[in-house]
Enquirer: 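The structure is given below, and queries will be raised subsequently.
All chains are named by letter (A, B, ...) in the order of the sequence lines, taking the proteins before the strands, and each is independently numbered beginning at 1. Just so it is clear, the model here is predicted, and its values are computed rather than measured.
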Amino acid sequence: MLSSRLTPFLFLAPALIGLVVFRLAPIGIAVAGSMTGTSLMGDLSFVGLENFAYLFTDAEFWSSLQVTLLFNLIINPLQLAVAFALALLVFQQGRAIWFYRLLLVLPMAVSTGLSAVLFGLFLDGNLGPFNGFLEWIGIGAQAFHRNQDQALGTLIGIATWKGAGYWMLFLLAGLYSIPSSVQEAALIDGATPWQRFRLVTLPLMRKPMAFVLVADTAINFLFFAPVYILTSGGPSGSTSVLMYQAYLSAFTFSDLGRSLAISTILLMIILIIVALELRLLRSPEDHAA
Amino acid sequence: MKLGRRHFLAGVAGAAIMGSAGRLQAQTSVSLSVPWMGWPEEQVRPLMASFEASTPGVKIAEERLPIAELFRTLEVRLSARSATPDVYLVDGPLTASYAARGHLLDLGNLVGGERDRYVASTLVQGTFKDKLFALPLGTSSQLLFYNKKLFAEAGLPEPSADPEKRMTWEGLLDIAKKLTKPETSQFGFAFENSNPYQLLPLPQSRGVKVIGDDGLTATGYVDGDGMVDVMTWYKDLFHTHKVSPIGTFQTGVTQEMFGSGKLAMVLGGTWNLGGFAKFKDLDFGVVAHPFFKGGKPVTPTGSWHVGINPRTAHMEQAQAFVKWMSTRDAMNLWFDLRQYPPSIKQIWDERASTTFVDPVWKIVQYELANTATPRPITPGYREYEEFLRTAMQDIQTGGDVKALLTKAATSIDREMRKYR
């Protein structure tokens, strides 16, 4: 018979094993692999921090890091704001409100790769319909992902088109979880709609917002498919995020060690930024605790 | 019905026996894992089926993958140094890359004595350090396609189809200007895509070397004055003369534009002959690849090869498959399926009075004999191509030519260190 002390672990085992196999082991492999080098004939050797030392002296790495940080600095607050605004819009009661919710959630059903291909066709400078429209209304044709100054913004737009509806769902659920009694109390106290939003809704939405921001950040630091499909990191490196550099290192330059070093650095950055975000969005009650 | 334990166990045992019987049967027939290009199934399966019919007991499990996916899949599986793939499709210029890393079997014993059967230039790209590692399945050439209706509209005479009287790039630019009409979004000329395969003949036509003699040095070549001059000329097509449409990175886009009359001339491969056939209203002519005044005519060439993974568990069958691919019947069928210029002389001879009577094929034959220039032979072609393609695309979208080529050269040299 198993001792009763071991019993809980027995029940926890499936989850713990899953955690180790699918979470900790890959991280371990990546970190260990980042300290290896492979010879042309495939012999693996331990190289210590050589891959990192190389990256830190590589101009391409620094410019890619800059692009990654800029991308995330814009896209994460933007997606949170857009998702929140959409959630507030469809939180209304009304006829056919389900229809609008459906419209906003619909892009979720399109895979990221497919949405990149679709936008590529839509925005194409020579065959795409969108530039014809822009010319017709007098703005003139734009190069979008083919222009060094517009490419990153275009990718942010595509990702937000796809992502905003998804994150809206979590925030909408959050809005529903605010007890109506609190809102009513504020109403009776004579609070204006703005005051109700700022002093009631917003503070009570901290937790769902924190979740969305953190989850969104983790996803956007690993943003890859549209870069691979639409821009290949260009024009002139303007969309060359670290994930793309990691991909190139592994699959084009046959340098798995460097690729894993980039992944490890990304992991560190995500950990630091998520920790900062959680701290920022901590509610006052938590501070007191 | 209640399923008792005894019934259940009997079922499991039965399934196990049947499963192992299936395995026994599978052992008598070997299945080769063969990653292949994602061409339509009806252009791939008949070739494999023909081999299977000729060699009982060997099945070909081909995987049809899109080009980028094919390269990536091969890179992952070969780097893992496992027994599969058994046989795989090799892009000509990648032969050296795979061979240098021990991913290709030396085919010297297999077809070494048959070199004379091949168009000599097609063997070059399958060769690394004087050994044949990948068997050519054909080659390629580029032609200038022009829209007859748009030429007539602009009152221009049609160019000569005689390769000896081919156009100069300077002459082409003058014509392209007359064929460009911004008000109807009509462009004069485009390269079908912006890959080094397409564009390297530009510097080569001026005698500019595109890589160092060691095949590993880019600085001084990729960013040399000759290259900067030529790529500035290329950039001007898009930004100064505005005769070429920006964003034409892929053949699909230029094919569509040419087919729908938005592009008057396009420089592209023989595969476009089939690609343009779907445009019913398109009336096009074909002439030889242009060259720079004072320079020499140069055309790109090279194509798909087939090679064997030295770690294959089915060496005998893999060799039989590749050996079969070198036969006249296999190559004749292959030409029927996809019209790449053949690598075997016999096919050229046999079809001389039928297929190759077409003036288009006369031009191709002339180019292969006189102007075809393979891409650089270097174990680092994948890296070389990646950075050069990026630079060429960035130049097309308006980047600084010298800065982009310098960056590409530095990056290529950086990645080439591992081959030194």
Enquirer: If every non-hydrogen atom of Ser254(A) is compared with every non-hydrogen atom of Glu75(B), which pair is closest and at what distance?
Expert: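 Of all heavy-atom pairs spanning Ser254(A) and Glu75(B), the closest is OG-OE2, 3.2 Å.
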Enquirer: In terms of heavy-atom proximity below 4.5 Å to chain B, should Leu248(A) be classed as side chain, backbone, both, or neither?
Expert: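 The side chain, not the backbone.
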Enquirer: Considering only heavy atoms, which portion of Phe144(A) lies under 4.5 Å from any heavy atom of chain B: side chain, backbone, both, or neither?
Expert: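 Interface part for Phe144(A): neither.
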Enquirer: Using non-hydrogen atoms only, which part of Phe71(B) is less than 4.5 Å away from chain A: side chain, backbone, both, or neither?
Expert: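 Phe71(B) has no heavy atom closer than 4.5 Å to chain A.
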Enquirer: Under the criterion side chain to side chain contact (heavy atoms under 4.5 Å, CB included), which of Leu404(B), Thr397(B), Ile395(B) is the partner of Pro235(A)?
Expert: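 That would be Thr397(B); it is the only one of Leu404(B), Thr397(B), Ile395(B) passing the side chain to side chain contact (heavy atoms under 4.5 Å, CB included) with Pro235(A).
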Enquirer: Side chain, backbone, both or neither: which part of Arg101(B) has a heavy atom under 4.5 Å from chain A?
Expert: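 Both the backbone and the side chain of Arg101(B) come within 4.5 Å of chain A.
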Enquirer: Does CZ belonging to Phe46(A) count more than 12 external heavy atoms closer than 6.0 Å?
Expert: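 Check passes, neighbour count above 12.
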Enquirer: Could you tell me whether Asp58(A) and Arg414(B) have a side-chain N and a carboxylate O separated by less than 4.0 Å?
Expert: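 The answer is yes: the pair qualifies as a salt bridge.
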Enquirer: Using a cut-off of under 4.5 Å for heavy-atom pairs, which of Val253(B), Leu263(B), Thr410(B), Asp400(B) has the most such pairs with chain A?
Expert: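 Of Val253(B), Leu263(B), Thr410(B), Asp400(B), Val253(B) has the most heavy-atom pairs under 4.5 Å with chain A.
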Enquirer: Under 6.0 Å from the CZ atom of Arg23(A), do we count more than 12 heavy atoms belonging to anything else shown?
Expert: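 At most 12 heavy atoms, drawn from other residues, nucleotides or ligands, come within 6.0 Å of this atom.
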Enquirer: Can you check whether Phe251(A)'s main-chain N or O pairs, donor with acceptor, with Arg382(B)'s side chain at less than 3.5 Å?
Expert: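 Yes; judged by distance alone, with no hydrogens or angles, the pair exists.
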Enquirer: State the CG-CZ distance between Asp43(A) and Arg81(B), to the nearest 0.5 angstrom.
Expert: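 The distance works out to 7.5 Å.
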Enquirer: If you measure from CD on Gln396(B) to CZ on Arg146(A), what distance do you get to the nearest 0.5 Å?
Expert: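 Answer for the CD-CZ pair, Gln396(B) versus Arg146(A), is 8.0 Å.
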Enquirer: Is it the case that atom CG in Asp214(B) sees more than 12 heavy atoms from other parts of the structure closer than 6.0 Å?
Expert: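 Counting neighbours around CG of Asp214(B), more than 12 heavy atoms of other residues, nucleotides or ligands fall under 6.0 Å, so yes.
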Enquirer: Could you tell me whether Tyr419(B) atom OH has more than 12 heavy atoms of other residues or ligands within 6.0 Å of it?
Expert: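 Above 12, so yes.
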Enquirer: Working to the nearest 0.5 angstrom, can you tell me the gap between Lys418(B) NZ and Asp255(A) CG?
Expert: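 It is 6.5 Å, given to the nearest 0.5 Å.
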Enquirer: Please name the pair of heavy atoms, one in Met41(A) and one in Ala100(B), separated by the smallest distance, quoted to 0.1 Å.
Expert: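 Nearest pair, atom of Met41(A) first, then Ala100(B): SD-O, 3.4 Å.
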Enquirer: For Glu386(B) versus Tyr244(A), what's the shortest heavy-atom pair and its separation?
Expert: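 Shortest heavy-atom contact: OE2-OH, 3.9 Å.
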Enquirer: For Phe56(A), does the CZ atom sit with more than 12 other heavy atoms under 6.0 Å from it, leaving out its own atoms?
Expert: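 Buried by this count: over 12 neighbours within 6.0 Å.
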Enquirer: How about CD on Glu63(B), more than 12 heavy atoms from neighbouring residues, nucleotides or ligands closer than 6.0 Å, or not?
Expert: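 For Glu63(B), atom CD is crowded (more than 12 foreign heavy atoms under 6.0 Å).
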Enquirer: Which atoms of Tyr384(B) come close to chain A, meaning under 4.5 Å heavy atom to heavy atom: side chain ones, backbone ones, both, or neither?
Expert: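 Looking at Tyr384(B), nothing touches chain A.
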Enquirer: Please check if the number of heavy atoms outside Lys402(B) that lie under 6.0 Å from its NZ is greater than 12.
Expert: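 Correct, the count exceeds 12.
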Enquirer: Does NZ belonging to Lys177(B) count more than 12 external heavy atoms closer than 6.0 Å?
Expert: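 Result for NZ/Lys177(B): enclosed.
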Enquirer: Where on Ser260(B) is there a heavy atom nearer than 4.5 Å to chain A: the side chain, the backbone, both, or neither?
Expert: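 Answer is neither: Ser260(B) stays 4.5 Å or more from chain A.
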Enquirer: Do you know which of Ser185(B), Pro245(B), Gly398(B), Gly102(B) has the most heavy-atom pairs under 4.5 Å to chain A?
Expert: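 Greatest number of close heavy-atom pairs with chain A: Pro245(B).
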